Enquirer: 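Before I ask anything, let me first share the structure, which is written out below as structure tokens.
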Amino acid sequence: MQNIITMHPGEIASFGYLSPSDSPAFSVTSHLSSLFGPYLAQQLQTTPLMHCLSSSAAWDEAGGQQLSVAEERRKRRMISNRESARRSRMRKQKHFSELWTQVVHLRSANRQLLDELNRVMRERDRIMHENDQLRHEETELRKKLERLPAVFGCAPHGSEKL
């Protein structure tokens, strides 16, 4: 079974190290748009990427003003929360897949048990029918045996006196 992981708008699964100075021929808009969709690509293009999130000298999109340490922590926490949520969704999907595999296995086992139960019940019915036929045949033979002494003029077993 193949797990399908979907990304939600604003979520980044993994992001390589990029900076505006990496490659002059690198088209940020087209690559980001193909990776993340047009909305997120536009957001990422207008917000400069930081070399290191732990640096206290990060720049905001207004240009040149330093972000406060609290703002930086908030952004790091937001990214951390998104990653944690992604991992949680992956765990949930894996658990769901395992449960679904178990459901399929249990349904198969249930079907086999029902088939076996039906087979045993059919066999029991056949044996009960056969027993009824044998009882009926026994009754008929006993009646014939009881009529034999009268036909041949002999006493039935057990009625002879010593």
Side-chain angles (χ1 to χ4, degrees), residues 1-140:
M1 176 178 279
Q2 179 180 5
N3 289 335
I4 298 173
I5 300 171
T6 57
M7 290 182 53
H8 300 282
E11 177 183 358
I12 299 174
S14 66
F15 198 79
Y17 182 86
L18 294 177
S19 73
S21 63
D22 278 350
S23 170
F26 180 77
S27 171
V28 174
T29 306
S30 67
H31 282 67
L32 291 179
S33 181
S34 67
L35 287 173
F36 305 113
Y39 174 75
L40 185 59
Q42 189 250 347
Q43 276 188 328
L44 289 172
Q45 186 179 12
T46 58
T47 305
L49 300 172
M50 295 179 273
H51 288 277
C52 179
L53 289 175
S54 64
S55 166
S56 63
W59 301 91
D60 73 4
E61 62 184 357
Q65 297 176 349
Q66 279 193 342
L67 293 177
S68 70
V69 174
E71 180 69 17
E72 220 178 301
R73 281 189 202 132
R74 187 186 70 78
K75 284 187 177 188
R76 278 197 313 260
R77 170 59 75 193
M78 211 164 72
I79 290 170
S80 174
N81 286 347
R82 284 181 185 152
E83 183 64 21
S84 176
R86 184 187 67 80
R87 287 190 308 268
S88 177
R89 284 190 300 276
M90 288 176 64
R91 279 192 308 272
K92 184 178 178 180
Q93 179 66 35
K94 181 181 177 190
H95 183 65
F96 176 79
S97 295
E98 290 169 356
L99 288 176
W100 188 251
T101 301
Q102 189 176 9
V103 164
V104 169
H105 172 73
L106 290 174
R107 282 182 179 168
S108 174
N110 190 35
R111 171 57 44 206
Q112 289 174 352
L113 289 172
L114 285 173
D115 289 345
E116 179 67 13
L117 176 64
N118 287 330
R119 186 192 65 76
V120 167
M121 289 177 69
R122 282 191 306 273
E123 182 68 15
R124 182 202 62 153
D125 290 345
R126 186 191 64 75
I127 290 171
M128 288 180 69
H129 180 69
E130 185 179 335
N131 281 345
D132 287 344
Q133 285 179 334
L134 289 172
R135 279 190 199 100
H136 179 70
E137 187 179 335
E138 177 193 25
T139 304
E140 293 298 318

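Reckoned from all heavy atoms, side chains included, excluding hydrogens, waters and symmetry mates. Remember, it's a predicted structure, so these values are computed and weren't measured experimentally. We're numbering straight along the sequence, starting at 1.
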Enquirer: How many angstroms lie between CG in N131 and NE2 in H136, if you round to the nearest 0.5 Å?
Expert: 14.5 Å
Enquirer: Ion pair present between R122 and D125, side-chain N to carboxylate O less than 4.0 angstrom?
Expert: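 No, this pair does not count.
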Enquirer: What distance separates S97 OG from Q102 CD, expressed to the nearest 0.5 Å?
Expert: 12.5 Å
Enquirer: Does K75 pair with E72 as a salt bridge, N-O distance under 4.0 Å?
Expert: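 No, this pair does not count.
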Enquirer: When rounded to the nearest 0.5 angstrom, what is the spacing between CD in E83 and CZ in R87?
Expert: 5.0 Å
Enquirer: Any chance you could measure E71, atom CD, to R74, atom CZ, to the nearest 0.5 Å?
Expert: 4.0 Å
Enquirer: Salt bridge check: are R111 and D115 linked by an N-O gap of less than 4.0 Å?
Expert: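 Yes.
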Enquirer: Out of R91, E98, M90, which residue meets the side chain to side chain contact (heavy atoms under 4.5 Å, CB included) rule with K94?
Expert: E98
Enquirer: So do R82 and R86 actually touch side chain to side chain, heavy atoms under 4.5 Å?
Expert: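 No, every pair of side-chain atoms sits at 4.5 Å or beyond.
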Enquirer: Test your reading of the model: is there a side-chain donor-acceptor pair from T139 to the backbone of R135, 3.5 Å cut-off?
Expert: yes
Enquirer: Between E123 and R126, is there a salt bridge with N-O shorter than 4.0 Å?
Expert: yes
Enquirer: Once you round to the nearest 0.5 Å, how far does NE2 of H129 lie from CG of L134?
Expert: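 Rounded to the nearest 0.5 Å, the NE2-CG separation comes to 10.0 Å.
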Enquirer: Once you round to the nearest 0.5 Å, how far does CD of E130 lie from CD of E137?
Expert: 10.5 Å
Enquirer: I want to check something: taking the side chain as every heavy atom from C-beta on, are S80 and R76 in contact at a cut-off of under 4.5 Å?
Expert: no
Enquirer: Is the backbone of L106 close enough, under 3.5 Å, to the side chain of N110 for a donor and an acceptor to pair up by distance?
Expert: no
